[in-house]
There are 2 protein chains.
Amino acid sequence: MEHRIEQIKKQLHAQSYKLTPQREATVRVLLEREDDHLSAEDIYLLVKEKAPEIGLATVYRTLELLSELKIVDKINFGDGVSRYDLRKEGAEHFHHHLVCTECGSVEEIIEDLLGDVEKIVETNWSFQVKDHRLTFHGICKQCQEAVVKSTS
Amino acid sequence: MEHRIEQIKKQLHAQSYKLTPQREATVRVLLEREDDHLSAEDIYLLVKEKAPEIGLATVYRTLELLSELKIVDKINFGDGVSRYDLRKEGAEHFHHHLVCTECGSVEEIIEDLLGDVEKIVETNWSFQVKDHRLTFHGICKQCQEAVVKSTS
DNA sequence: CTTAATGCAAAACTTTTGCAAAGTT
DNA sequence: AACTTTGCAAAAGTTTTGCATTAAG
């Protein structure tokens, strides 16, 4: 954790940005909730517990900055809000996501399953791929089991 | 075109919805601009040319209805608006999209390139895939050529 | 005739911006 | 001192809702 903070601090300094207390508090929330996909509002409320004086605008500005530096990924699952997802250390791509249409849970796939598909796109569409967003919609393991139970 | 309208009319009636003139005008705009990815506002302005009395709220309600019936797909490319994409006849899945980070153009891939990946997800993550959203970000053919020209 | 759909305006949200004050180097 | 960052409030923008009126089957 401290190591990640240190690392992010360096990334910021490299572009002559500062790791202010507000930014650090925001990053800590993202680290603590690494598996979640929090909205700006969610993050704001959590950061407020650590740094009560922070403003929502600062959270937005921080998230935008972290997005630009590719420290977090901004994703949108189609409910009216943007969500923010911390990249794993050294990861070059967005995670893939599994969104359950029954219970709304979001699971992450860290592995990059798109290598072959990207090659096809580069070759057949002459499109130079830099990044991707892949989300599957369907039914998660838990909900599948729940259906089996309730109908048997 | 008339055939698609007829088909959509049946789909609506099957759920006891009506194909009102406003809904028909909206569908016609979507058909005419099938390759585009229009926002609700874009669609509203185009529908207004055919049916000047229509209200923006009706367009939103129509698009939501068409979304539910899986006649259109609602997508979000991360600029603050939702965009609407008519499904091809009989298509079961979202198209894939290629978004150019240089010029903002959006290209569609109709072919489904995710068959193998979906199998992997179903097997290794026990997730029952119903649909997917795949967008690549990168540099389109035209912009690649533009760079070559300007630097040579 | 009964229910569904529309248009308008207002409301609800999310996100961005302007600006004076505060903090950093 | 020069510059960046912050908090607040206001603004901007998109989408949804309430409700009286109109239209459809």
Side-chain angles (χ1 to χ4, degrees), chain A residues 8-29 37-69 71-84, chain B residues 5-6 8-29 37-69 71-84:
Chain A
I8 288 167
K9 189 173 182 176
K10 275 183 201 148
Q11 277 184 78
L12 286 170
H13 285 169
Q15 316 256 348
S16 58
Y17 293 117
K18 298 164 193 168
L19 184 64
T20 60
Q22 291 91 335
R23 287 178 182 166
E24 184 173 333
T26 305
V27 170
R28 282 186 188 279
V29 164
H37 300 83
L38 304 171
S39 68
E41 182 86 32
D42 294 338
I43 295 167
Y44 170 62
L45 292 173
L46 289 166
V47 174
K48 238 172 150 37
E49 293 174 7
K50 291 183 205 300
E53 73 296 347
I54 201 171
L56 180 55
T58 301
V59 172
Y60 271 104
R61 285 187 279 234
T62 299
L63 291 170
E64 201 200 321
L65 179 62
L66 295 175
S67 254
E68 271 168 32
L69 299 184
I71 294 166
V72 305
D73 289 325
K74 189 174 175 183
I75 43 178
N76 195 302
F77 292 130
D79 55 345
V81 293
S82 293
R83 299 179 176 279
Y84 298 86
Chain B
I5 301 262
E6 219 27 64
I8 289 166
K9 189 172 182 176
K10 275 183 200 147
Q11 277 184 77
L12 287 170
H13 285 168
Q15 317 256 348
S16 57
Y17 293 116
K18 299 165 193 168
L19 184 64
T20 62
Q22 291 90 336
R23 287 179 182 166
E24 185 173 331
T26 305
V27 170
R28 281 186 189 277
V29 165
H37 300 82
L38 304 171
S39 67
E41 182 85 31
D42 294 337
I43 295 167
Y44 169 62
L45 292 173
L46 289 167
V47 174
K48 238 172 151 38
E49 294 174 6
K50 291 183 205 300
E53 74 295 347
I54 202 172
L56 180 56
T58 301
V59 172
Y60 270 104
R61 286 186 278 232
T62 300
L63 291 170
E64 201 200 321
L65 178 62
L66 296 175
S67 254
E68 272 168 29
L69 300 184
I71 294 166
V72 305
D73 289 325
K74 189 175 175 182
I75 43 178
N76 195 302
F77 293 130
D79 55 346
V81 292
S82 293
R83 298 178 178 280
Y84 299 86

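From a predicted model like this one, the values you see are computed outputs, not experimental measurements. Proteins get letters first, then strands, A, B, ... in listed order; numbering begins at 1 in each.
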Among C/dT14, D/dT15, D/dA9, the nucleotide that comes nearest once only the side chain of B/Ser82 is considered: D/dT15

Touch class at under 4.0 angstrom, heavy-atom based, for B/Ser39 against every strand present: nothing

Closest non-hydrogen atom pair between A/Ile43 and A/Thr26, with its separation: CG2-CG2, 4.0 Å

Minimum heavy-atom distance between A/Asn76 and A/Ser82, given as atom pair plus value: ND2-OG, 4.1 Å

Nucleotide C/dG7, atom C1' - distance to CZ of B/Arg61 in whole Å: 8 Å

Would you tabulate the nitrogen or oxygen pairs shorter than 3.5 Å linking the protein to nucleotides 2-5 of chain D?
{"residue": "D/dT5", "atom": "OP1", "partner": "A/Lys18", "partner atom": "N", "Å": "3.3"}
{"residue": "D/dT5", "atom": "OP1", "partner": "A/Arg23", "partner atom": "NH1", "Å": "3.0"}
{"residue": "D/dT5", "atom": "O5'", "partner": "A/Arg23", "partner atom": "NH2", "Å": "3.4"}

Atom-pair distance (CD on B/Glu24; C1' on C/dA5), nearest Å: 15 Å

Atom-pair distance (NZ on B/Lys9; P on C/dA5), nearest Å: 14 Å

Step-by-step side chain to side chain contact (heavy atoms under 4.5 Å, CB included) determination, B/Gln15 to B/Leu69: CA-CA 9 Å; B/Gln15 317 256 348; B/Leu69 300 184; 3.9 Å; yes

Value in whole Å for how far the P atom of C/dT3 lies from CG of B/Leu12: 21 Å

Heavy-atom closest pair, residues B/Val72 and B/Leu63: CG2-O, 4.0 Å

Closest-nucleotide ordering on DNA chain D, the 5'-leading residue of A/Ile54 and B/Leu19: A/Ile54

Whole-Å distance separating the CG atom of B/Leu56 from the C1' atom of D/dT14: 9 Å

Side-chain N,O (A/Tyr60) to OP1/OP2 (C/dT16) below 4.0 Å: no

Pairing of B/Lys10 and B/Glu6 as salt bridge, 4.0 angstrom limit: no

Distance in angstrom units between B/Glu41 CD and D/dT16 P, rounded: 14 Å

Rounded interatomic separation in angstrom, taking CG from B/Asn76 and C1' from D/dG13: 14 Å

A/Thr62 side-chain N/O to A/Thr58 backbone N/O, donor-acceptor pair under 3.5 Å: yes

Any B/Leu38 side-chain heavy atom under 4.5 Å of B/Val29 side chain: yes

Note, B/His37 side chain near B/Ile75 side chain (heavy atom, < 4.5 Å): yes

Angle of first-five versus last-five pair axes in the helix from C/dC1-D/dG25 to C/dT25-D/dA1, to 10 degrees: 30°

Comparing A/Gly55 and B/Arg83 on DNA chain D - which has the more 5′ nearest nucleotide: A/Gly55

Close side-chain approach of A/Arg83 to A/Lys74, heavy-atom, < 4.5 Å: no

Rounded distance in Å - CG (A/Asp79) to C1' (C/dT15): 15 Å

